[in-house]
Protein chains: 2
Amino acid sequence: LAANVSDNLVERVLARDFRAVARLITLIENDDPAAISCLRRLYPHSGRCLSVGITGAPGSGKSTLVEALAGYYRLQEKTVGIIAVDPSSPFTGGAILGDRIRMQARSTDPGVFIRSMANRGQLGGLARATNDVLLALDAAGFDIVLIETVGVGQDEVEIARTAAVTLVLVVPGMGDDIQAMKAGVMEIGDIFVINKADRPGVDKVESELEAYLALNHRPDRWRAPVVRTVASSGEGVEECARAIAEYEAFLRQLPPHDDRKLQIARDRLLELTQMQLLRQLLAASGAAGAIDELAAKVAGRELDPFSAAEQLVQLACGSGKTVKE
Amino acid sequence: LAANVSDNLVERVLARDFRAVARLITLIENDDPAAISCLRRLYPHSGRCLSVGITGAPGSGKSTLVEALAGYYRLQEKTVGIIAVDPSSPFTGGAILGDRIRMQARSTDPGVFIRSMANRGQLGGLARATNDVLLALDAAGFDIVLIETVGVGQDEVEIARTAAVTLVLVVPGMGDDIQAMKAGVMEIGDIFVINKADRPGVDKVESELEAYLALNHRPDRWRAPVVRTVASSGEGVEECARAIAEYEAFLRQLPPHDDRKLQIARDRLLELTQMQLLRQLLAASGAAGAIDELAAKVAGRELDPFSAAEQLVQLACGSGKTVKE
C-alpha cells in the first residue's frame, strides 16, 4: 500500500467511513504491514470507547444478547461496533435464518458496524487481530464495541479478556457446567449474566453462581454482579447495561499502573512483538526458500523441527546472537 | 536442569517410565528450555505412533469415544497415550463423577498414559505444546496417541490438525449445527463419527453429512467416511478403528513431500521459530526491565503498543537489522 493510500485510509476510518473500516480490518486479518502503519496513526485517536466482551457456551444466547445490547445503546444515541469471533455466531454466516434477518435489519443502521472474524492469518494470533480491530473501531469513534466470543477455547478466553468489561453468560439447566466452566472462563467474568432466565432452574444456577463468587475473591476486590436477562424479549437488558456502566466506573478509578492494566498491556506487547519477529523473519532475504527447504527436511524426517527452527531464528536476526540452552 | 539430569530424563522417557513422561510434559507446559533439549534427543526415536485427534462440540461424547477407542486398542495389546485438551473433558477434572471413576480404572492400566492440558505458558501456543507432548509420547513408544479437543475454538481446531488422523464427532439432533460447524471444523475431518447413533435423527444428520461431503472434495482425493457409533456401549467402535487404519494406510502411501505433510511441517516450524524468537527476547539482557517499562508506558497510553513492540524486536535481535515497513 502506497503511503498516500494509507493516509487516505486513516482519514476515512477517522471519519467512520464503513467501507474504509472494513478495508482496514481486511488488512489486519491478512497481516498486511500497512495495517500496522495505519493503526499506529490511529492510536492517538483511540482510548475512548467502551469495549464489552460477551462469552459463554454455544446455545447460551450470546448473539441475542449482543443484539439486545446494541439496540439498547442505539436508543441512547450511541454508536456500536460488533466483532463476532464465534464460529457458531449467526453473524458469521452459520446462521439460523431468523437471526440473520434480524441482524440484517440492524446492519442497515448507520450507527452499527458488524464484522465477524474467524480466520487467523499466517502470523497467527486471533486475539492480537481482534485487539487491532478493536483499536480501529475505537479510533473510528464507535462509543461501544461488543465482542462476541464462544467461551470454550483458550484463545476465545483470551479474546474476551481483551475487552475492558467481560460478560460471562450462563443459562438455567447448565448447573453442572458451572463446575466445568471454572477452568478458565469463570475467572474472566466481570459480570455474570443468566440468560434465558424465564426457564426453570434459574434459582439453582443463580445460587451456584453466587456460591462460586462468594468463594473466589478477586485481587482487585470487584464483586462480580449476577444479572438475569431474557435477551430475546429485552428483559433485564437495561440492568445488564447498568452493571456494565458500574464496572466501567470501577475501572476508571483504578490507577493506570494497576496490576490488571499492566498485565493486559504486557500481553498485548508480547503478542505484537512475536508477530513482528515472525514478520521480520518472513521479510529476511532468502527466507521463503529457507522455510520451504527446512519444511521439506522436517517433513522427510531428515531434520528435527527444533534444529530447523533455530536456523530460522538466526536468519530472522541476521548475524545477531542466538540463545544458548 | 543439569545436562546429566536431562540425559537421565530422556533415558527414562524412552523406557516409558510414566513419571518421567509426566515430568517432561510439565517442562513442556512451563516452556522450560530443558524440554527442547530433551525433545531434540527424543526426536530420532519418534515417528512410529499413530496419532488420532478427536474433536466435536461439547456433549458430543468425545471423552466416551476416546475411552472406548483406548479400550479397543488395549485389547489389541497396543499401548495408548491420551492427551485431553478440552476444558470440559472429564479427564481435566470438570467431570461428572461416573466418567471420572471409569477413567480412573483405565488409569491404573500400565499400558495407558493420560494427561490433560489446559494452560498455556508465557510463550503461548497450546498447539505447539500439544505437538511437543505428542512427540514425547511417540518417542516413549506409545503405539496410539488419542488427542481430545473441543471443536469450537480456533486453537482447538489447530490442535486437532496436529494429529495424523482427525475424527470429527457429531450427534443426532445437531443438524443445524453442521451448517455452523462448517467454518473450520468440518474441513479438518478425515473421518466423521455420528456418536449417540441410537438417538432419533441419526438418518437426518447422516444425510446432511453426506451432502456436505459430496460437495466438498479434498485436494488429496480422500473421501471421508461417516461412521456411526454408540461409544457408551462400544457399538461401532471397531468400525471406527477400521476407518482410522484405512486413513492411516492412505497417508502412508503419500509421498513425504505431499502438500499436506509439507504444510504441517511448515506450520510446526514457524510455531517453534516464533517461540524461540520470544524466548531469545526474554533471555536478552535487560529484557525483563525493558518489558516492564514499555508495558507501563503502553498501559499509561504514553506510547503506542506497535512502537513499543518494535523496540523489543530490536532488543531480541541485538544489533541485527529490523524490518522497515
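Just so you know, these numbers use all the heavy atoms, side chains as well, and skip hydrogens, waters and symmetry mates. In the text below, chain A, chain B and the rest are named by the order of the sequence lines, each starting its count at 1.
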Would you mind checking which part of [X] comes under 4.5 Å of any heavy atom in chain A, side chain (CB onward), backbone (N, CA, C, O), both or neither?
X        : result
B/Leu42  : neither
B/Ile264 : neither
B/Arg268 : side chain

Next on the checklist: If we ignore hydrogens and angles and just use 3.5 Å, is the side chain of A/Arg266 paired with the main-chain N or O of B/Ala299 as donor and acceptor?
Outcome noted: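 It does not hold such a pair.
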
Next on the checklist: Going by side chain to side chain donor-acceptor pair (under 3.5 Å), name the residues that satisfy it together with B/Arg252, two or more places apart in sequence or in a different chain.
Outcome noted: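 Per chain and number, B/Arg252 pairs via side chain to side chain donor-acceptor pair (under 3.5 Å) with B/Glu248.
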
About how many Å separate [atom2] of [Y] and [atom1] of [X], when rounded to the nearest 0.5 Å?
X        : Y        : atom1 : atom2 : result
B/Thr273 : A/Gln314 : OG1   : CD    : 11.0 Å
A/Asp304 : B/Leu135 : CG    : CG    : 9.0 Å
B/Ile36  : A/Glu310 : CD1   : CD    : 8.0 Å
A/Leu312 : B/Leu272 : CG    : CG    : 10.0 Å

Checklist entry - What part of A/Asp132 lies closer than 4.5 angstrom to a heavy atom of chain B: side chain, backbone, both or neither? => result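 Only the side chain of A/Asp132 comes within 4.5 Å of chain B.
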
Checklist entry - Can you tell which of B/Asp258, B/Leu281, B/Ile291, B/Asp292 has the highest number of heavy-atom pairs within less than 4.5 Å of chain A? => result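 Of B/Asp258, B/Leu281, B/Ile291, B/Asp292, B/Ile291 has the most heavy-atom pairs under 4.5 Å with chain A.
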
Item to check | Top of B/Val298, B/Leu277, B/Asp267 for chain A proximity - count of heavy-atom pairs under 4.5 angstrom | outcome: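 Of B/Val298, B/Leu277, B/Asp267, B/Leu277 has the most heavy-atom pairs under 4.5 Å with chain A.
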
Residue pair [X] / [Y]: nearest heavy atoms and the distance that separates them:
X        : Y        : value
B/Ala265 : A/Ala295 : CB-O, 3.4 Å
B/Ala296 : A/Leu262 : CA-CD2, 3.5 Å
A/Leu269 : B/Ala308 : CD1-CB, 3.3 Å

Checklist entry - Taking atom NZ of A/Lys261 as the centre, does the number of heavy atoms from other residues, nucleotides or ligands within less than 6.0 Å exceed 12? => result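 Yes, the 6.0 Å shell around NZ holds more than 12 heavy atoms from other groups.
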
Checklist entry - Centre of A/Phe306's six-membered ring, under 6.0 Å away, within 45 degrees of the axis: is that where NZ or CZ of B/Arg41 sits? => result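 No - B/Arg41 does not lie over the ring of A/Phe306 by the 6.0 Å and 45° rule.
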
